[in-house]
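Down below is the structure, laid out as structure tokens.
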Amino acid sequence: MKKDDPVPEIGASVPIHSHGYREETAAEIAAPVPLVRRDVRTGDRERAEGGTGIGTLAIALSILSLFVMPILFGAAGIVLGFVARRRGAEGLGAWAIGIGAISIILGMFILPFF
């Protein structure tokens with residue numbers, strides 16, 4: 001800068017022009033991003049349909065565990081019940097978890113005495 005040049009204030013919107021600085025600036029323009037909105041109800045319905053099959057399998061395994069191999073089938077029913085709940089089948093998953101847990105408790109603590 002020359003001694004005669006006025007000094008701009010800090011934060012002023014006037015750019016500082018000086019021969020001492022050699023820099024390149026560029027402005028980039030990005031393509032506009034389209035907004036895609038999903039229907040919330042449709043997504044929930046698809047999630048529930050995806051979990052219904054797993055929920056049905058989980059509850060079938062849990063009920064089967066009441067009669068045959070309670071530890072193995074009960075544990076499988078509980079795990080699949082959690083997966084079903086995660087995918088949207090809240091009721092089927094909760095029932096499968098409950099029945100599987102009862103089956104394991106019965107199988108480990110009560111049935112050995114009979």
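F82 and I71 fall within the same hydrophobic cluster, where Ile, Leu, Val, Met, Phe, Trp and Tyr residues are linked whenever their side-chain heavy atoms come under 4.5 Å apart, directly or through other members. The hydrophobic cluster containing I54 also contains L57, counting ILVMFWY residues as joined when their side-chain heavy atoms lie under 4.5 angstrom apart, directly or transitively. At a threshold of 4.5 Å between side-chain heavy atoms, the hydrophobic network of Ile, Leu, Val, Met, Phe, Trp and Tyr places L92 and V79 in two separate groups. Placement of L72 and L80 within a single hydrophobic cluster is found when ILVMFWY residues are connected by side-chain heavy-atom separations under 4.5 Å, directly or transitively.
With sequence neighbours left out, L64 forms a side-chain contact (heavy atoms from CB on, under 4.5 Å) with F73. S65 pairs by the side chain to side chain donor-acceptor pair (under 3.5 Å) definition with S103, not counting sequence neighbours. Residues passing the side-chain contact (heavy atoms from CB on, under 4.5 Å) test with I105, sequence neighbours excluded: F109.
The two atoms that bring S62 and A96 nearest to each other are OG-O, 2.8 Å, heavy atoms only. Heavy-atom minimum distance, G51 versus A84: O-CB, 3.8 Å.
At least one side-chain heavy atom of I104 sits less than 4.5 Å from a side-chain heavy atom of I78. Contact of the R85 side chain with the I97 side chain is registered, since non-hydrogen atoms from C-beta on lie closer than 4.5 Å.
Applying the side chain to side chain donor-acceptor pair (under 3.5 Å) definition to pairs two or more places apart or across chains, none involves residues 104-114. Annotation: side chain to side chain donor-acceptor pair (under 3.5 Å) contacts involving residues 71-80, sequence neighbours excluded, are absent.
Taking CH2 of W95 as the start and CD1 of I63 as the end, the distance is 9.5 Å to the nearest 0.5 Å. With rounding to the nearest 0.5 angstrom, the CG atom of L66 is 11.5 Å from the CG atom of L61.
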